[in-house]
Amino acid sequence: MLDPKLIRGDLTDLAGQLARRQFVLDVDHLSSLEASRKSAQVAMETLQAERNRVSKAVGQAKARGEDPAEILETVTELGHQLDAEKQRFDEAARDLQELLLGLPNVPDEHVPDGQSEEDNVEIRRWGTPRQFDGEAADHVTLGEATGLMNFDVAATMAQSRFVALRGELAQLQRALTQMMLDIHVSEHGYEEVYVPFLVNEEALKGTGQLPKFGEDLFRVALDRALYLIPTAEVPVTNLMRDKILSLDELPVKMVCHTPCFRSEAGSYGRDTRGMIRQHQFEKVELVQLVPPEQSQEAHESLTSHAEAILQKLELPYRVVNLCAGDLGASSSKTYDLEVWLPGQSQYREISSCSNFKDFQSRRLQARYRLEQGAKPELLHTLNGSGLAVGRTLVALLENFQDAQGQVTVPDVLRPYLGGKETLMARSK
RNA sequence: GGAGAGAUGGCUGAGUGGUCGAAAGCGCUCCCCUGCUAAGGGAGUAUACGUUGAUAGCGUAUCGAGGGUUCGAAUCCCUCUCUCUCCGCCA
């Protein structure tokens, strides 16, 4: 959520910044709502003060043994006026809140202009895509040939966009997860956490998936709605809900492996083949909470932590600065890491590293104090995939395949696979 | 799943309709006293919102959450959430 103070003053600047992401701010509507909130609140609080004062007089009169009938009459009349003003205020406050919750974050000044992913700006590349003699096989061909990757059986027991892995591929996924966690914990200084995979509505509001973006969530029908997490970002960031941290507890750096569940509504026909876009996938997520003046630097370092995994795996990738039009609603600035996929001959997103500034922490009330007695300030929140495990597995198969469909294991991963150097080896 | 008890400030805990944002203790901060240490004395110590030039005043709200009764609710009623104890079940 944006700072409500932002909408008190001149809205043209805010409207201009939001327009960069194709969001049209109804300035007149907003300022008239704000004006009625203000007048209703002043009127209501004045009446409340009056009522509190007179009501006390009732008690005092009774204590003196006097008959408070006369005072009671005036205070009853006050009560009626108050009800009317309270209703006016509740309405205005509710409408305003609803509108406010629907506003996206303001893009950072370093976010390039643009409308779609076409306008994203490449910042750097690492590694060189390998040249294949013929056409490179994609991960589906490679995986299904060995029977270790099966989409049909998954569709039979669930529906499309699920996969079943077995043998070396199931192990490979676990090995990747393990390796990523180990590196982030031991080399990058993150604390590993374990969290619920089902969360309530409040948690999703805290990180901004609700109220506006609920269509991508799986909801579990119970007496009280719970949702399967679309990303570990939701439960992990919510660990800091309503906290006031001291300086020596900062920065908070957490890493977490969870499955992620997305309904992928609105993506019919896109990436229907293979493991790129699934309803269920594994992800290792990095989350940081830092003082505001450190968030820009933290964004760079968090991104580099995700990049380190790709580098250790020797996977070519590029870093892209998302343009204003392609930015997620809660994010102020986002770097996407795109890994090279020979099966598609293109770079595909494998990590998304965002600085949310105080947009999430305002909803979550995640704060810190510079020193004891100082006023609590909102923290900045950041997160990024480090990495999406399913897509990493895809990248590995496609980049390290040979002509026989065998896959060479990168050195860093071998200890996690019992020293194995080759997967899906053709015997005989 | 059954039965019962509870939820109050950073913590412990009093408060069962009026002057209670809330006793007391602990913790913490500052000051005083004190050869050192220990002890002692004093002051302060929630958050949000509104108003404002103001982190000054003043006002409003908040005693798990939401609703209700009442002139007035931490206190009475309803619903929900959570915690604890006992029994059952269970990886």
Side-chain angles (χ1 to χ4, degrees), chain A residues 1-10 31 33-101 194-206 210-211 220-227 235 238-250 291-292 358 360-379:
Chain A
M1 195 170 75
L2 294 173
D3 187 348
K5 289 194 177 73
L6 270 181
I7 60 146
R8 302 267 161 82
D10 189 8
S31 26
L33 263 184
E34 166 59 15
S36 43
R37 183 234 98 219
K38 188 162 167 172
S39 75
Q41 181 162 355
V42 172
M44 176 185 76
E45 289 189 354
T46 308
L47 284 169
Q48 280 175 331
E50 183 67 7
R51 185 203 58 194
N52 287 348
R53 203 174 55 76
V54 178
S55 283
K56 271 184 188 171
V58 175
Q60 287 163 349
K62 278 192 174 170
R64 285 194 302 267
E66 298 168 10
D67 180 10
E70 207 173 305
I71 313 176
L72 281 179
E73 226 168 276
T74 60
V75 85
T76 305
E77 174 51 29
L78 264 179
H80 295 317
Q81 291 179 40
L82 185 58
D83 285 345
E85 281 306 332
K86 188 172 188 319
Q87 197 181 345
R88 199 159 77 86
F89 169 76
D90 286 346
E91 260 171 50
R94 197 195 54 224
D95 291 351
L96 194 63
Q97 181 71 3
E98 195 179 315
L99 201 152
L100 224 48
L101 280 175
Y194 173 82
V195 292
F197 301 160
L198 286 162
V199 296
N200 60 36
E201 210 163 288
E202 281 310 302
L204 288 155
K205 275 185 189 163
L210 288 177
V220 179
L222 300 166
D223 294 344
R224 183 157 163 250
L226 289 175
Y227 299 80
N238 268 278
L239 288 172
M240 295 298 139
R241 169 183 287 272
D242 291 327
K243 292 239 166 154
I244 301 178
L245 302 174
S246 59
L247 223 43
D248 59 354
E249 298 174 283
L250 294 171
D358 61 12
Q360 291 181 327
S361 61
R362 181 169 294 108
R363 296 187 186 194
L364 288 166
Q365 288 298 301
R367 296 176 291 175
Y368 78 110
R369 246 191 266 268
L370 267 174
E371 54 188 325
Q372 195 168 23
K375 206 174 142 61
E377 311 273 358
L378 292 172
L379 287 159

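Quick caveat, the model's predicted, so the values are computed rather than measured. The sequence lines fix the lettering, A, B, ..., with proteins before strands; numbering per chain opens at 1.
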Euclidean distance for [atom1], [N] against [M] (whole angstrom):
| N | M | atom1 | value |
| --- | --- | --- | --- |
| B:G9 | B:A46 | C1' | 6 Å |
| B:A5 | B:C58 | P | 44 Å |
| B:G15 | B:A7 | P | 11 Å |
| B:U60 | B:A3 | C1' | 43 Å |
| B:U62 | B:A22 | C1' | 12 Å |
| B:G10 | B:U51 | C1' | 30 Å |
| B:G66 | B:U81 | P | 15 Å |
| B:C33 | B:C49 | P | 42 Å |

Can you tell me the pairing partner of [N] across any strand shown, Watson-Crick or G-U wobble, with both distances under 3.5 angstrom?
| N | value |
| --- | --- |
| B:C76 | B:G68 |
| B:A5 | B:U83 |
| B:A46 | B:U62 |
| B:U55 | none |
| B:C33 | none |
| B:C89 | none |
| B:A38 | none |
| B:G25 | B:C11 |

Report the C-alpha separation of A:R367 and A:R369 in whole Å, then their side-chain angles, then the decisive distance to 0.1 Å, and conclude whether the side-chain contact (heavy atoms from CB on, under 4.5 Å) test is met. CA-CA 7 Å; A:R367 296 176 291 175; A:R369 246 191 266 268; over 6 Å; no

Starting at the 5' end of RNA chain B and moving along, which residue's nearest nucleotide shows up first, A:G79 or A:T46?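 Residue closer to the 5' terminus by nearest nucleotide: A:T46.
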
Between A:P376 and A:E50, which is nearer to the 5' end of RNA chain B once each is assigned its nearest nucleotide? A:P376

Run the side-chain contact (heavy atoms from CB on, under 4.5 Å) test on A:L239 and A:V195 for me, step by step, so that the C-alpha distance in whole Å, both residues' side-chain angles and the decisive distance to 0.1 Å come before the verdict. CA-CA 9 Å; A:L239 288 172; A:V195 292; 4.1 Å; yes

Would you indicate, yes or no, if [N] has its OP1 or OP2 atom less than 4.0 angstrom from a side-chain nitrogen or oxygen of [X]?
| X | N | value |
| --- | --- | --- |
| A:R369 | B:U47 | yes |
| A:N52 | B:A61 | yes |
| A:K38 | B:U51 | yes |

Between [N] atom [atom2] and [X] atom [atom1], what is the distance in whole Å?
| X | N | atom1 | atom2 | answer |
| --- | --- | --- | --- | --- |
| A:D242 | B:G10 | CG | P | 12 Å |
| A:M44 | B:U51 | CE | C1' | 13 Å |
| A:K243 | B:A46 | NZ | C1' | 18 Å |
| A:D90 | B:C49 | CG | C1' | 14 Å |
| A:M1 | B:C49 | CE | P | 9 Å |
| A:R37 | B:G50 | CZ | P | 6 Å |
| A:I7 | B:G50 | CD1 | P | 10 Å |
| A:R8 | B:C49 | CZ | P | 8 Å |

Side chain of [X]: nearest nucleotide among [options]?
| X | options | value |
| --- | --- | --- |
| A:T76 | B:U60, B:C71, B:C49 | B:C71 |
| A:V42 | B:A48, B:C71, B:U51 | B:U51 |
| A:A49 | B:U19, B:C71, B:U60 | B:U60 |
| A:S55 | B:C49, B:A61, B:G18 | B:G18 |
| A:V58 | B:G59, B:A61, B:C71 | B:C71 |
| A:E45 | B:G50, B:A48, B:G21 | B:G50 |

Considering every strand and a 4.0 Å limit on heavy-atom distances, what is the contact class for A:R367: base, sugar-phosphate, or nothing?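 Since only primed, P, OP1 and OP2 atoms lie under 4.0 Å of A:R367, the category is sugar-phosphate.
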
If we check side chain to side chain donor-acceptor pair (under 3.5 Å) with A:D90, which of these qualifies: A:R88, A:Q87, A:K86, A:R94? A:K86

Just wondering, are more than 12 heavy atoms of other shown residues or ligands nearer than 6.0 Å to CD in A:Q81? yes

In terms of heavy-atom contacts, does CD of A:E249 have more than 12 from other residues, nucleotides or ligands at under 6.0 Å?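 Yes, enclosed.
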
Say whether A:Q41 and A:E45, considering side chains only, have a donor N or O and an acceptor N or O under 3.5 Å apart.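 Checked: A:Q41/A:E45 side chains pair up, N/O donor to acceptor below 3.5 Å.
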
Considering non-hydrogen atoms only, spot the tightest contact between A:R362 and A:P4 and give its length.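 So the minimum-distance heavy-atom pair works out to CD-CD, 4.0 Å.
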
side-chain contact (heavy atoms from CB on, under 4.5 Å) evaluation trace for A:L245 with A:M240: CA-CA 9 Å; A:L245 302 174; A:M240 295 298 139; 4.1 Å; yes

Distance-only donor-acceptor test (3.5 Å): side chain A:Q41, base B:G50: no

